[in-house]
Each structure stands twice: as C-alpha cells, then as structure tokens.
Colleague: 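Below you'll find the structure I mean.
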2 protein chains.
Amino acid sequence: MTTEYAQLLKAHALKATFQRTQILEVIERYGHIAIEKIYEEVSKVHASLSLATIYKNILLMVEKGVLTEVPIIGQKSKYEIAKEEHIHLICTSCGTVMDKMLDVDTAQDTEKVAETSGFSLDHRQLNLYGLCEACRG
Amino acid sequence: MTTEYAQLLKAHALKATFQRTQILEVIERYGHIAIEKIYEEVSKVHASLSLATIYKNILLMVEKGVLTEVPIIGQKSKYEIAKEEHIHLICTSCGTVMDKMLDVDTAQDTEKVAETSGFSLDHRQLNLYGLCEACRG
DNA sequence: TCCTTTACAAATAAAAATTATCGTAAGGAA
DNA sequence: TTCCTTACGATAATTTTTATTTGTAAAGGA
C-alpha cells in the first residue's frame, strides 16, 4: 500500500519500509517527539523493533530532509516532520512544543541581522520558552 | 585576572574554587564551547581534573544562572557565560558561533507571537544557521 | 589553636545514550 | 519471480552522562 508516508519517503530517495512509515506516523501524531518516546510508541505496533533501527532511521531521515531536529534547552532533542519554517513555543513546565507561523517582519529582521554580518543565512531556529496557557494556571 | 570569575560565582551563591574559575576562564576565552573541549582545555592547567567534575559544575552553574546552554542542531550543546539576551549566528561549515545584538523589533515581534497564543514568554533562543564570512569563500 | 561541620574534588562505578558490526530478511526494479 | 541492493534485528562496543564513595581542605565557633 502506498500511503502518504511511503510517498514522502520515496520522494526523498528512501525505501518505504514498514518501520519507517510507522516512525513517521508516530512523529506526526505527536507533532514533536524524542527518540525514546518514538521507540516506545512504535514498539506497540511492532514489538520486535530495535532501538538501533530508530536511531539509524531518524539520522537518515534528518540527513535526507524528511525530518527536522529540534534541540531544546535542558531536554533531549525532539524531531518533527520537515515543513515550512516556523516558530516553536516551548512550555518549560509541561514540555509541550507548539508551532507558530513565522511572521514576515521577524523573517526580514533576522535576514537583515545576518546580512549586515556578512553571514549567508540558510535556516532559522526560533524557540520561545515560557508557560503555555494550560500551565499558567 | 581570576577575581572577576570569583566575584561572578559568589554573586550566584557558589564557592569560587580553582576548578570553577578555570572553567569560566576557558568558556569566556572560547565564547561558546562544548563540554569535551572544556575538559580538554582545563586539563592543560589542571591535569588531575576529572570529567565528572566538569559535568557537575557546568550543570550547577547553569542551574544557578552563571552559564547558559546553547543547544545546536546536529551538534552537542555549547555553553556560554550568561549575558544579555542575544542572537546566535552559527556557521554550519566551521561551527563557529557568533553573538549578535537582539534588535528591538524582533524582540517585540516575538513577544507578540507569544502573547496572541496565551503564552507567557520567559526567554528566547534565536539561532541563525548559515555560512560565516570566512566560509563563504 | 583545636575541634566540628560542611563542601568539594577525585575516583570510581553505574547508568543511559548512541553508534557499529554482521548475518538475515525484505523492498523494488526488470 | 529473480536478482540486487538496502534495511532490519540482534548484539556488542562506545560514548556520554549521572551517581556514589571517600579523602581532603576550608570555614566557623569555642
């Protein structure tokens, strides 16, 4: 069966194995998720899965541009499906990561900072830390 | 002069040991530096230093607000002396990290993003990845 | 000064995270 | 289906990080 994930993998010259499509399914379901949790979740539908397989595939899919690493202060990195550039709101209480659109002004401002420094900008990583609505109490 | 670091430590309720002032001296000299490299450098002036001591002290100094962790895509976290909020320009070729002033507009824009999401903003992490002037060739 | 208390560093030791190896199995093109 | 290539699973081996224990030194009080 050619699922949405199988196509995504093939579009990046990767074979669409069951393990990989399951990993992608879990990542999409969570939005942002750490390695250990991916292992935990995928194991539920594929008990014989090896943790090494997760590591290998995550690394590979990051290399191929299917996934993006989201390094976070004080935590292990989380991973998300690569998508249009955006901002992260990270709750320091519950750990939730939310995506927010990157507004044009901020994009332009940062481009300008890079430019005036003789720096050729490739991509941004804009993380805002604080308390989400639920955790503010 | 190491008294500068001794004062910094004391201001955060930490004792000014030789090891700690040396760690701080190395971090300031490099600007941004990973654990392993700190160990390598401090070992030069203090051969019997244990790597566990580095970890313990880095963790402690981050907790106390003397240091800031800078997590970077595809690398181990680097550490810097805590200072006024700023942007990082990270060269994906040579790995150099440069500090840039955070302009008022960007600061306000991000505050607004947080606000309209019901998010109480605590601190930002704005990293720009690309090629530094030297690496553009 | 001497004693007591506390904190620290060093040295392990232990645990956790990540990467490598290799025989077998599965994907995909023809 | 057949064949070639690549991925998986099962370790094993490393690396990274954290915890524990012990000896020493510094700090403060009598």
Side-chain angles (χ1 to χ4, degrees), chain A residues 1-27 33-64 66-67 69-79, chain B residues 2-3 5-6 8-26 33-64 66-67 69-79:
Chain A
M1 62 174 171
T2 299
T3 65
E4 166 195 354
Y5 303 119
Q7 286 176 359
L8 179 60
L9 287 164
K10 285 178 187 167
H12 290 83
L14 291 171
K15 282 190 184 174
T17 66
F18 177 73
Q19 289 84 345
R20 286 178 186 163
T21 54
Q22 287 306 306
I23 290 172
L24 289 174
E25 188 279 321
V26 168
I27 294 176
I33 182 172
I35 299 267
E36 190 60 32
K37 191 75 182 175
I38 296 173
Y39 179 55
E40 210 174 278
E41 285 294 316
V42 180
S43 289
K44 287 181 187 170
V45 296
H46 193 278
S48 74
L49 183 90
S50 154
L51 182 56
T53 297
I54 303 277
Y55 273 103
K56 245 181 313 189
N57 281 306
I58 294 294
L59 195 70
L60 189 63
M61 291 194 275
V62 167
E63 258 173 27
K64 297 288 187 179
V66 178
L67 298 179
E69 180 186 350
V70 184
I72 298 173
I73 293 173
Q75 297 183 38
K76 304 251 155 238
S77 286
K78 295 191 173 178
Y79 295 86
Chain B
T2 58
T3 61
Y5 303 119
L8 178 60
L9 287 164
K10 285 179 186 163
H12 290 84
L14 291 171
K15 284 194 180 169
T17 65
F18 177 72
Q19 288 85 344
R20 286 179 187 162
T21 54
Q22 286 307 307
I23 290 171
L24 288 174
E25 188 277 322
V26 168
I33 183 173
I35 299 266
E36 189 60 34
K37 190 76 181 175
I38 297 173
Y39 178 55
E40 209 176 279
E41 284 294 315
V42 179
S43 289
K44 288 181 186 169
V45 296
H46 192 279
S48 75
L49 183 90
S50 153
L51 182 56
T53 298
I54 303 277
Y55 273 102
K56 237 181 321 188
N57 282 306
I58 294 294
L59 193 70
L60 188 64
M61 290 194 276
V62 167
E63 258 173 29
K64 296 288 187 179
V66 177
L67 297 180
E69 180 187 350
V70 183
I72 298 174
I73 293 174
Q75 297 183 36
K76 304 243 158 251
S77 286
K78 294 190 173 179
Y79 295 84

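Values below: every heavy atom of this structure, side chains too, minus hydrogens, waters and symmetry copies. Lettering of chains follows the sequences in order, A, B, ..., and the numbering in each one begins at 1.
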Colleague: D:dA7 P sits how many Å from A:Gln22 CD, rounded?
Modeller: 18 Å
Colleague: With rounding to the nearest 0.5 Å, note down the distance linking NZ in A:Lys56 to CD in A:Gln19.
Modeller: 10.0 Å
Colleague: Check step by step if side-chain contact (heavy atoms from CB on, under 4.5 Å) holds for B:Ile33 and B:Lys78.
Modeller: CA-CA 5 Å; B:Ile33 183 173; B:Lys78 294 190 173 179; 5.8 Å; no
Colleague: Encode nucleotides 24-30 of chain C as B, S and - characters from 5' to 3', where the letter depends on protein heavy atoms closer than 4.0 Å: B to the base, S only to sugar-phosphate, - to neither.
Modeller: ---BS--
Colleague: Hey, mind stepping through B:Leu14 and B:Met61 against side-chain contact (heavy atoms from CB on, under 4.5 Å) and telling me if it holds?
Modeller: CA-CA 8 Å; B:Leu14 291 171; B:Met61 290 194 276; 4.0 Å; yes
Colleague: Closer to the 5' end of DNA chain D via nearest nucleotide, is it A:Gln19 or A:Lys76?
Modeller: A:Gln19
Colleague: List in numerical order all residues of residues 35-56 of chain A for which some heavy atom is under 4.0 Å away from an atom belonging to DNA chain D.
Modeller: A:His46, A:Ser48, A:Leu49, A:Ser50, A:Ala52, A:Thr53, A:Lys56
Colleague: Suppose we screen for salt bridge (Lys or Arg N to Asp or Glu O under 4.0 Å). Which residues come up paired with B:Lys37, at least two apart in sequence or across chains?
Modeller: B:Glu40
Colleague: Mind jotting down which residue pairs meet the salt bridge (Lys or Arg N to Asp or Glu O under 4.0 Å) criterion with at least one end in residues 11-25 of chain A? Sequence neighbours excluded, please.
Modeller: A:Glu25-A:Arg29
Colleague: Only one of A:Thr17, A:Ile23, A:Val62 forms a side chain to side chain contact (heavy atoms under 4.5 Å, CB included) with A:Asn57, so which one is it?
Modeller: A:Ile23
Colleague: Assign each of B:Arg20 and A:Leu59 to its nearest nucleotide of DNA chain C by heavy atoms, then name whichever residue's nucleotide is nearer the 5' end.
Modeller: B:Arg20
Colleague: Once you build an axis from the first five pairs and another from the last five of the helix from C:dT1-D:dA30 to C:dA30-D:dT1, how far apart in angle are they, to 10 degrees?
Modeller: 40°
Colleague: Considering non-hydrogen atoms only, spot the tightest contact between A:Leu9 and A:Ala16 and give its length.
Modeller: CD1-CA, 3.8 Å
Colleague: Check A:Glu69 against A:Ser77 and note the closest heavy-atom contact, atom names and distance.
Modeller: OE2-OG, 2.8 Å
Colleague: Can a side chain N or O of A:Asn57 be found less than 4.0 Å away from OP1 or OP2 on D:dC8?
Modeller: yes
Colleague: Closest approach of B:Thr21 and B:Ala6, non-hydrogen atoms and distance?
Modeller: CG2-N, 4.1 Å
Colleague: Taking distance alone, no hydrogens or angles, what donor-acceptor pairs closer than 3.5 Å link side-chain atoms of residues 42-55 of chain A to residues at least two apart or in another chain?
Modeller:
residue, atom, partner, partner atom, Å
A:Ser43, OG, A:Tyr39, O, 2.7
A:Lys44, NZ, A:Glu41, OE2, 3.0
A:His46, ND1, A:Leu49, N, 3.4
A:Ser50, OG, A:Ala52, N, 3.1

